[in-house]
Protein chains: 2
Amino acid sequence: MDVSFAVSRPRPGLTSGKYPADCPTRTVLTHITSRWGVLVLLALEQGGHRWGELHREIEGISEKMLASTLRTFEADGLVHREAQATIPPRVDYELTPLGREAAERLLPLMDWIADNAEAIVAR
Amino acid sequence: MDVSFAVSRPRPGLTSGKYPADCPTRTVLTHITSRWGVLVLLALEQGGHRWGELHREIEGISEKMLASTLRTFEADGLVHREAQATIPPRVDYELTPLGREAAERLLPLMDWIADNAEAIVAR
DNA sequence: CAGAATCCTGTGAGATACTG
DNA sequence: CAGTATCTCACAGGATTCTG
(Lines give C-alpha, C1' and ligand atoms only; values in the text may rest on other atoms or scores of the structure.)
Protein backbone atom coordinates (compact mmCIF):
# COMPACT_ATOMS: atom_id res chain seq x y z
CA MET A 1 0.00 0.00 0.00
CA ASP A 2 1.05 3.56 0.16
CA VAL A 3 0.25 5.73 3.12
CA SER A 4 -0.67 2.90 5.39
CA PHE A 5 1.77 0.29 6.48
CA ALA A 6 1.40 -2.72 8.68
CA VAL A 7 2.25 -2.94 12.34
CA SER A 8 3.80 -6.17 13.48
CA ARG A 9 1.87 -7.59 16.38
CA PRO A 10 -1.18 -5.72 17.69
CA ARG A 11 -1.37 -4.88 21.38
CA PRO A 12 -3.74 -2.66 23.30
CA GLY A 13 -3.03 1.04 23.27
CA LEU A 14 -2.81 3.33 26.26
CA THR A 15 -3.16 7.06 26.47
CA SER A 16 -1.69 7.45 29.88
CA GLY A 17 1.98 7.41 30.62
CA LYS A 18 3.45 5.09 28.07
CA TYR A 19 3.44 5.04 24.32
CA PRO A 20 4.35 1.53 23.21
CA ALA A 21 5.97 1.22 19.83
CA ASP A 22 4.34 -1.95 18.65
CA CYS A 23 0.74 -0.96 18.96
CA PRO A 24 -2.26 -0.38 16.67
CA THR A 25 -2.49 3.10 18.09
CA ARG A 26 0.66 4.04 16.26
CA THR A 27 -0.71 2.81 12.97
CA VAL A 28 -3.91 4.79 13.24
CA LEU A 29 -2.07 7.84 14.50
CA THR A 30 0.24 7.57 11.51
CA HIS A 31 -2.64 7.40 9.07
CA ILE A 32 -4.43 10.36 10.53
CA THR A 33 -1.34 12.47 10.98
CA SER A 34 0.03 11.51 7.60
CA ARG A 35 0.98 14.49 5.53
CA TRP A 36 -2.51 14.90 4.06
CA GLY A 37 -4.59 12.89 6.48
CA VAL A 38 -5.80 15.70 8.68
CA LEU A 39 -6.57 17.94 5.72
CA VAL A 40 -8.53 15.27 3.89
CA LEU A 41 -10.58 14.39 6.95
CA LEU A 42 -11.39 18.01 7.64
CA ALA A 43 -12.22 18.81 4.05
CA LEU A 44 -14.64 15.91 4.04
CA GLU A 45 -16.20 17.03 7.27
CA GLN A 46 -16.67 20.59 6.15
CA GLY A 47 -17.29 20.82 2.50
CA GLY A 48 -17.02 19.19 -0.87
CA HIS A 49 -17.31 15.49 -1.10
CA ARG A 50 -16.47 15.01 -4.73
CA TRP A 51 -13.01 14.13 -5.94
CA GLY A 52 -12.59 17.37 -7.84
CA GLU A 53 -13.76 19.46 -4.92
CA LEU A 54 -11.36 17.81 -2.56
CA HIS A 55 -8.57 18.24 -5.02
CA ARG A 56 -9.32 21.92 -5.31
CA GLU A 57 -9.85 22.59 -1.63
CA ILE A 58 -6.73 20.86 -0.41
CA GLU A 59 -4.22 23.02 -2.18
CA GLY A 60 -1.02 21.36 -3.19
CA ILE A 61 -2.11 17.76 -2.88
CA SER A 62 -1.18 15.59 -5.80
CA GLU A 63 -3.69 13.26 -7.41
CA LYS A 64 -1.62 10.35 -6.27
CA MET A 65 -1.63 11.39 -2.64
CA LEU A 66 -5.31 12.27 -2.66
CA ALA A 67 -6.15 8.84 -4.02
CA SER A 68 -3.73 7.14 -1.69
CA THR A 69 -4.92 8.94 1.42
CA LEU A 70 -8.55 8.32 0.55
CA ARG A 71 -7.91 4.64 -0.02
CA THR A 72 -6.13 4.29 3.28
CA PHE A 73 -9.06 5.86 5.09
CA GLU A 74 -11.46 3.73 3.14
CA ALA A 75 -9.59 0.62 4.24
CA ASP A 76 -9.63 1.93 7.79
CA GLY A 77 -13.37 2.43 7.59
CA LEU A 78 -13.20 6.16 8.09
CA VAL A 79 -14.32 7.11 4.62
CA HIS A 80 -17.01 5.69 2.40
CA ARG A 81 -16.60 5.81 -1.35
CA GLU A 82 -19.51 5.91 -3.74
CA ALA A 83 -18.81 5.72 -7.44
CA GLN A 84 -21.36 6.19 -10.20
CA ALA A 85 -20.68 4.37 -13.45
CA THR A 86 -21.72 7.31 -15.58
CA ILE A 87 -19.77 9.14 -18.21
CA PRO A 88 -18.09 11.24 -17.12
CA PRO A 89 -17.75 9.35 -13.87
CA ARG A 90 -18.78 10.88 -10.60
CA VAL A 91 -17.36 9.74 -7.31
CA ASP A 92 -18.44 10.92 -3.92
CA TYR A 93 -16.62 10.43 -0.67
CA GLU A 94 -18.13 10.79 2.72
CA LEU A 95 -17.08 10.20 6.26
CA THR A 96 -18.42 7.11 7.93
CA PRO A 97 -19.73 7.54 11.47
CA LEU A 98 -16.31 6.45 12.65
CA GLY A 99 -14.63 8.96 10.38
CA ARG A 100 -16.88 11.70 11.62
CA GLU A 101 -15.89 10.93 15.17
CA ALA A 102 -12.26 11.29 14.23
CA ALA A 103 -12.81 14.51 12.30
CA GLU A 104 -14.71 16.04 15.17
CA ARG A 105 -11.69 15.55 17.38
CA LEU A 106 -9.53 17.25 14.80
CA LEU A 107 -11.58 20.41 14.58
CA PRO A 108 -10.57 22.00 17.90
CA LEU A 109 -6.96 21.37 17.01
CA MET A 110 -7.19 22.96 13.59
CA ASP A 111 -9.11 25.90 14.93
CA TRP A 112 -6.42 26.44 17.47
CA ILE A 113 -3.69 26.13 14.86
CA ALA A 114 -5.47 28.57 12.58
CA ASP A 115 -5.64 31.04 15.45
CA ASN A 116 -2.03 30.70 16.54
CA ALA A 117 -0.05 29.72 13.47
CA GLU A 118 0.93 33.25 12.53
CA ALA A 119 2.36 33.96 15.94
CA ILE A 120 4.19 30.64 16.11
CA VAL A 121 5.79 30.83 12.71
CA ALA A 122 6.63 34.49 13.14
CA ARG A 123 9.04 33.93 16.01
CA MET B 1 16.72 22.64 10.70
CA ASP B 2 15.37 19.18 10.95
CA VAL B 3 11.74 18.57 11.65
CA SER B 4 10.69 22.12 10.95
CA PHE B 5 11.09 23.79 7.64
CA ALA B 6 10.21 27.21 6.42
CA VAL B 7 7.13 28.27 4.55
CA SER B 8 7.60 30.84 1.84
CA ARG B 9 5.25 33.75 2.33
CA PRO B 10 2.90 33.80 5.32
CA ARG B 11 -0.78 34.32 4.78
CA PRO B 12 -3.70 33.99 7.15
CA GLY B 13 -5.07 30.50 7.69
CA LEU B 14 -8.67 29.41 7.46
CA THR B 15 -10.38 26.42 8.92
CA SER B 16 -13.47 26.64 6.82
CA GLY B 17 -13.66 25.45 3.28
CA LYS B 18 -10.22 26.00 1.88
CA TYR B 19 -6.79 24.81 2.87
CA PRO B 20 -4.24 27.09 1.21
CA ALA B 21 -0.85 25.60 0.54
CA ASP B 22 1.29 28.59 1.29
CA CYS B 23 0.16 29.27 4.81
CA PRO B 24 1.65 29.22 8.31
CA THR B 25 -1.07 26.79 9.28
CA ARG B 26 0.60 24.13 7.21
CA THR B 27 3.91 24.65 8.93
CA VAL B 28 2.48 24.34 12.41
CA LEU B 29 0.33 21.40 11.40
CA THR B 30 3.43 19.73 10.00
CA HIS B 31 5.37 20.24 13.22
CA ILE B 32 2.62 18.90 15.41
CA THR B 33 1.76 15.99 13.18
CA SER B 34 5.38 15.17 12.50
CA ARG B 35 6.17 11.55 13.20
CA TRP B 36 6.90 12.13 16.88
CA GLY B 37 5.26 15.50 17.46
CA VAL B 38 1.99 14.29 18.90
CA LEU B 39 3.68 11.74 21.11
CA VAL B 40 6.17 14.23 22.52
CA LEU B 41 3.50 16.80 23.25
CA LEU B 42 1.32 14.27 25.00
CA ALA B 43 4.15 12.77 26.99
CA LEU B 44 5.03 16.23 28.22
CA GLU B 45 1.46 16.95 29.14
CA GLN B 46 0.99 13.75 31.03
CA GLY B 47 4.15 12.62 32.66
CA GLY B 48 7.88 12.82 32.81
CA HIS B 49 9.55 16.01 31.86
CA ARG B 50 13.13 14.90 31.94
CA TRP B 51 15.01 13.83 28.85
CA GLY B 52 15.47 10.29 30.04
CA GLU B 53 11.84 9.92 31.01
CA LEU B 54 10.66 11.14 27.66
CA HIS B 55 13.06 8.83 25.93
CA ARG B 56 11.73 5.88 27.89
CA GLU B 57 8.07 6.73 27.60
CA ILE B 58 8.05 7.34 23.89
CA GLU B 59 9.08 3.90 22.78
CA GLY B 60 11.04 3.68 19.61
CA ILE B 61 12.09 7.29 19.33
CA SER B 62 15.76 7.79 18.60
CA GLU B 63 17.83 10.29 20.50
CA LYS B 64 18.22 12.29 17.37
CA MET B 65 14.52 12.58 16.75
CA LEU B 66 13.72 13.34 20.37
CA ALA B 67 16.23 16.17 20.34
CA SER B 68 15.11 17.40 16.97
CA THR B 69 11.42 17.34 17.83
CA LEU B 70 12.01 19.07 21.15
CA ARG B 71 14.08 21.77 19.50
CA THR B 72 11.45 22.42 16.90
CA PHE B 73 8.82 22.86 19.57
CA GLU B 74 11.15 25.01 21.57
CA ALA B 75 11.64 27.28 18.57
CA ASP B 76 7.88 27.34 18.09
CA GLY B 77 7.42 28.37 21.69
CA LEU B 78 5.47 25.27 22.62
CA VAL B 79 8.10 23.79 24.88
CA HIS B 80 10.35 25.38 27.45
CA ARG B 81 13.75 23.89 28.14
CA GLU B 82 15.51 24.25 31.44
CA ALA B 83 19.04 22.94 31.78
CA GLN B 84 21.01 22.72 34.98
CA ALA B 85 24.77 22.94 34.69
CA THR B 86 25.34 20.17 37.18
CA ILE B 87 27.27 16.97 36.76
CA PRO B 88 25.65 14.82 35.64
CA PRO B 89 23.54 17.32 33.78
CA ARG B 90 19.82 17.49 34.31
CA VAL B 91 17.47 18.95 31.75
CA ASP B 92 13.78 19.46 32.19
CA TYR B 93 11.28 20.18 29.49
CA GLU B 94 7.88 21.57 30.04
CA LEU B 95 5.03 22.80 27.95
CA THR B 96 4.59 26.52 27.69
CA PRO B 97 1.06 27.83 28.09
CA LEU B 98 0.86 27.76 24.32
CA GLY B 99 2.09 24.20 24.24
CA ARG B 100 -0.41 23.17 26.85
CA GLU B 101 -3.20 24.60 24.75
CA ALA B 102 -2.04 22.50 21.83
CA ALA B 103 -1.65 19.35 23.89
CA GLU B 104 -5.11 19.75 25.35
CA ARG B 105 -6.56 19.65 21.89
CA LEU B 106 -4.65 16.50 21.16
CA LEU B 107 -5.98 14.56 24.11
CA PRO B 108 -9.49 13.87 22.84
CA LEU B 109 -7.99 12.67 19.60
CA MET B 110 -5.57 10.28 21.23
CA ASP B 111 -8.22 8.96 23.58
CA TRP B 112 -10.40 8.26 20.63
CA ILE B 113 -7.59 6.58 18.76
CA ALA B 114 -6.73 4.46 21.77
CA ASP B 115 -10.35 3.35 21.97
CA ASN B 116 -10.76 2.56 18.30
CA ALA B 117 -7.35 1.58 17.01
CA GLU B 118 -7.82 -2.13 17.49
CA ALA B 119 -11.02 -2.20 15.53
CA ILE B 120 -9.62 -0.05 12.75
CA VAL B 121 -6.41 -1.98 12.27
CA ALA B 122 -8.19 -5.32 12.55
CA ARG B 123 -10.29 -4.86 9.42
C1' DC C 1 -13.81 13.32 -14.53
C1' DA C 2 -11.48 10.34 -11.66
C1' DG C 3 -8.25 7.93 -11.34
C1' DA C 4 -4.07 4.00 -12.30
C1' DA C 5 0.68 3.07 -13.58
C1' DT C 6 5.55 4.44 -13.76
C1' DC C 7 9.40 6.44 -12.68
C1' DC C 8 12.08 9.33 -9.71
C1' DT C 9 13.75 12.07 -5.63
C1' DG C 10 14.09 14.78 -1.16
C1' DT C 11 14.28 14.42 3.37
C1' DG C 12 12.52 12.64 7.52
C1' DA C 13 14.30 9.41 10.10
C1' DG C 14 17.43 5.48 11.90
C1' DA C 15 22.10 3.58 13.52
C1' DT C 16 26.23 4.25 15.41
C1' DA C 17 29.83 6.59 17.72
C1' DC C 18 31.53 10.23 20.46
C1' DT C 19 31.51 14.06 24.34
C1' DG C 20 31.04 17.89 28.10
C1' DC D 1 23.01 12.13 31.79
C1' DA D 2 21.90 14.57 27.87
C1' DG D 3 22.94 15.35 24.22
C1' DT D 4 25.83 16.28 19.16
C1' DA D 5 28.01 14.59 14.86
C1' DT D 6 28.03 11.66 10.78
C1' DC D 7 26.70 8.62 7.63
C1' DT D 8 23.12 6.33 5.38
C1' DC D 9 18.77 5.20 3.26
C1' DA D 10 13.83 3.77 2.95
C1' DC D 11 9.95 5.49 1.65
C1' DA D 12 6.48 9.07 1.61
C1' DG D 13 5.55 12.01 -1.74
C1' DG D 14 5.97 14.40 -6.49
C1' DA D 15 5.84 14.66 -11.73
C1' DT D 16 4.31 12.82 -15.69
C1' DT D 17 1.81 10.05 -18.73
C1' DC D 18 -2.10 7.24 -19.95
C1' DT D 19 -7.11 5.64 -19.79
C1' DG D 20 -12.20 3.91 -19.05
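Here is the naming used below: chain letters follow the sequence lines, and residue numbers restart at 1 for every chain. Model, not experiment: these values are computed from the prediction.
Rounded to an integer number of Å, the gap from A:Glu59 CD to D:dG14 C1' is 17 Å. The interatomic distance linking A:Arg90 (CZ) with D:dG20 (C1') rounds to 19 Å, in whole Å. When rounded to the nearest whole Å, the span between CH2 of A:Trp36 and P of D:dG13 equals 9 Å. The distance between atom CD1 of B:Ile58 and atom C1' of C:dG14, rounded to the nearest whole Å, is 16 Å. Distance B:Met65 CE to C:dT11 P: 14 Å, rounded to the nearest Å. Rounded to a whole Å, the CG atom of A:Leu66 is 14 Å from the C1' atom of D:dG14. Following rounding to the nearest Å, B:Leu39 (CG) and C:dA13 (P) show an atom-to-atom distance of 12 Å. When the P atom of C:dA4 is taken as reference, atom CG of A:Leu70 falls 10 Å away, rounded to whole Å.
Side-chain N/O atoms of A:Arg35 include none lying less than 4.0 angstrom from OP1 or OP2 on C:dG12. Within the 4.0 Å cut-off from OP1 or OP2 of C:dA2, at least one side-chain nitrogen or oxygen of A:Arg50 is found.
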Any protein N or O atoms within reach of nucleotides 4-7 of chain D? Criterion: under 3.5 Å, listing atom names and distances.
from, atom 1, to, atom 2, distance (Å)
D:dT4, O4, B:Glu63, OE1, 3.4

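Separating the OH atom in A:Tyr19 from the CD atom in B:Gln46 is a distance of 3.5 Å, to the nearest 0.5 Å. Within the model, atoms CD of A:Glu53 and OH of A:Tyr93 stand 12.5 Å from one another, a figure rounded to the nearest 0.5 Å.
For B:Gln84, the CD atom counts as densely surrounded, since its 6.0 Å shell holds more than 12 non-hydrogen atoms of other residues, nucleotides or ligands.
Residues A:Leu107 and A:Leu42 form a side-chain contact, since some pair of their non-hydrogen atoms from C-beta on lies under 4.5 Å apart. Proximity of A:Leu109 to A:Val38: side-chain heavy atoms (C-beta onward) are nowhere separated by under 4.5 Å.
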query = Taking it one step at a time, do A:Val79 and A:Thr96 satisfy side-chain contact (heavy atoms from CB on, under 4.5 Å)?
reply = CA-CA 5 Å; A:Val79 164; A:Thr96 62; 5.7 Å; no

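Between A:Ser62 and A:Pro89, the residue anchored closer to the 5' end of DNA chain D is A:Ser62, taking for each the nucleotide with the nearest heavy atom.
Heavy atoms only, all atoms of each residue included: A:His55 and A:Ile61 are closest at NE2-O, 3.4 Å.
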